[in-house]
Amino acid sequence: MSRTVLSFDFGTKSIGVAVGQEITGTASPLAALKAQDGVPDWEKVKRIYDEWQPDLVIVGLPLNMDGTEQPVTQLAKRFANRLHGRFNVKVETWDERLSTADAKAMLFELGGYKKLTKDKVDSVSACVIFTSWAEN
């Protein structure tokens, strides 16, 4: 079974986005979405949904290293609930601990510090979240 999966790396100022294919377990970064207190431009999110028509959505769940929730965890859950409510596609949350560190390491390997722009890091983090989910 090959499902198209959108993956989001939630943040209050920027939300990374990636599209993955379950059959290959790989994802490609899309342009990050600017956000205001964790709220994106929903019209841009709709365009992403319309283009990719995902079967499933994964939202990274920011947790402390000991697995406990942090203030932004509830905002990420709210974002996941809004995605489900607006687009009626199944949404799962996924532990995203260390996804940003992994994304930065990958980008640094590809091109040094100049590759470490915020939007690239966020969307590559969304790829890392998808890959981690797909490997489970």
Side-chain angles (χ1 to χ4, degrees):
M1 175 189 217
S2 176
R3 296 186 290 182
T4 298
V5 180
L6 282 178
S7 177
F8 291 92
D9 177 34
F10 178 81
T12 57
K13 294 180 183 170
S14 177
I15 300 170
V17 187
V19 61
Q21 289 298 321
E22 195 171 27
I23 198 163
T24 62
T26 59
S28 300
L30 302 177
L33 300 166
K34 298 290 180 222
Q36 187 83 26
D37 296 323
V39 179
D41 177 339
W42 287 107
E43 190 54 42
K44 289 182 180 178
V45 178
K46 182 182 181 320
R47 285 196 290 265
I48 293 168
Y49 267 77
D50 289 347
E51 179 177 354
W52 294 102
Q53 299 180 6
D55 301 295
L56 176 68
V57 175
I58 307 296
V59 175
L61 196 60
L63 299 169
N64 293 315
M65 289 309 294
D66 65 2
T68 58
E69 292 189 358
Q70 51 183 295
V72 74
T73 306
Q74 288 304 314
L75 296 174
K77 287 180 179 180
R78 185 177 309 142
F79 174 70
N81 288 336
R82 286 182 177 158
L83 288 172
H84 175 71
R86 284 176 181 262
F87 303 106
N88 199 27
V89 174
K90 183 178 179 190
V91 178
E92 295 180 13
T93 56
W94 188 255
D95 182 351
E96 68 163 29
R97 282 178 283 181
L98 298 177
S99 63
T100 300
D102 290 348
K104 286 179 179 178
M106 291 167 61
L107 285 167
F108 185 79
E109 280 182 31
L110 291 173
Y113 286 108
K114 60 183 176 254
K115 289 283 187 183
L116 296 179
T117 61
K118 177 78 174 123
D119 60 333
K120 285 182 183 173
V121 169
D122 290 340
S123 288
V124 172
S125 292
C127 290
V128 171
I129 291 165
F130 170 81
T131 304
S132 171
W133 171 85
E135 289 172 350
N136 185 27

The criterion is side chain to side chain donor-acceptor pair (under 3.5 Å); which residues satisfy it with [X], sequence neighbours excluded?
X     : answer
Thr73 : none
Gln74 : Glu69
Thr12 : none

Straight-line distance of [X] [atom1] to [Y] [atom2], nearest 0.5 Å:
X     : Y     : atom1 : atom2 : value
Asp37 : Lys13 : CG    : NZ    : 9.0 Å
Leu56 : Glu22 : CG    : CD    : 7.0 Å
Arg86 : Asn88 : CZ    : CG    : 13.5 Å
Leu30 : Lys44 : CG    : NZ    : 13.5 Å

Shortest non-hydrogen contact from [X] toward [Y]:
X     : Y     : value
Ser14 : Ala32 : OG-CB, 3.8 Å
Val59 : Ala80 : CG2-CB, 3.9 Å
Pro62 : Val72 : CG-CG1, 3.4 Å

Does any non-hydrogen side-chain atom of [Y] lie less than 4.5 Å from one of [X]?
X     : Y      : value
Val45 : Ile15  : no
His84 : Asn81  : no
Glu96 : Ser125 : no
Val19 : Thr4   : yes
Lys77 : Leu61  : yes
Thr93 : Phe8   : no

query = Which residue pairs pass the ring pair (Phe, Tyr, Trp, His ring centres under 6.0 Å) test with at least one member in residues 46-69, sequence neighbours excluded?
reply =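 Listed once each, the pairs are Tyr49-Phe87.
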
Donor-acceptor contact present, side-chain Ser7 to main-chain Ala126, <3.5 Å =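 Flag set: sc Ser7 to bb Ala126 pair under 3.5 Å.
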
task = Measure from the side-chain N and O atoms of Gln70 to the backbone N and O of Leu63, and report whether any donor-acceptor pair falls under 3.5 Å.
result =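 It does hold such a pair.
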
task = Assess whether side chain to side chain contact (heavy atoms under 4.5 Å, CB included) is satisfied between Ile48 and Glu51, documenting all intermediate values.
result = CA-CA 5 Å; Ile48 293 168; Glu51 179 177 354; 5.9 Å; no

query = Are more than 12 heavy atoms from other residues, nucleotides or ligands located less than 6.0 Å from atom CD of Gln36?
reply =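 Not buried by this count: 12 neighbours or fewer within 6.0 Å.
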
Could you pull out every donor-acceptor pair under 3.5 Å between side chains of residues 129-136 and any protein atom, sequence neighbours left out?
{"residue": "Thr131", "atom": "OG1", "partner": "Cys127", "partner atom": "O", "Å": "2.9"}
{"residue": "Ser132", "atom": "OG", "partner": "Trp94", "partner atom": "NE1", "Å": "2.9"}
{"residue": "Trp133", "atom": "NE1", "partner": "Glu92", "partner atom": "OE1", "Å": "3.0"}

ask   = Who are the salt bridge (Lys or Arg N to Asp or Glu O under 4.0 Å) partners of Asp50, not counting sequence neighbours?
value =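 Asp50 satisfies salt bridge (Lys or Arg N to Asp or Glu O under 4.0 Å) with Lys46 once adjacent residues are dropped.
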
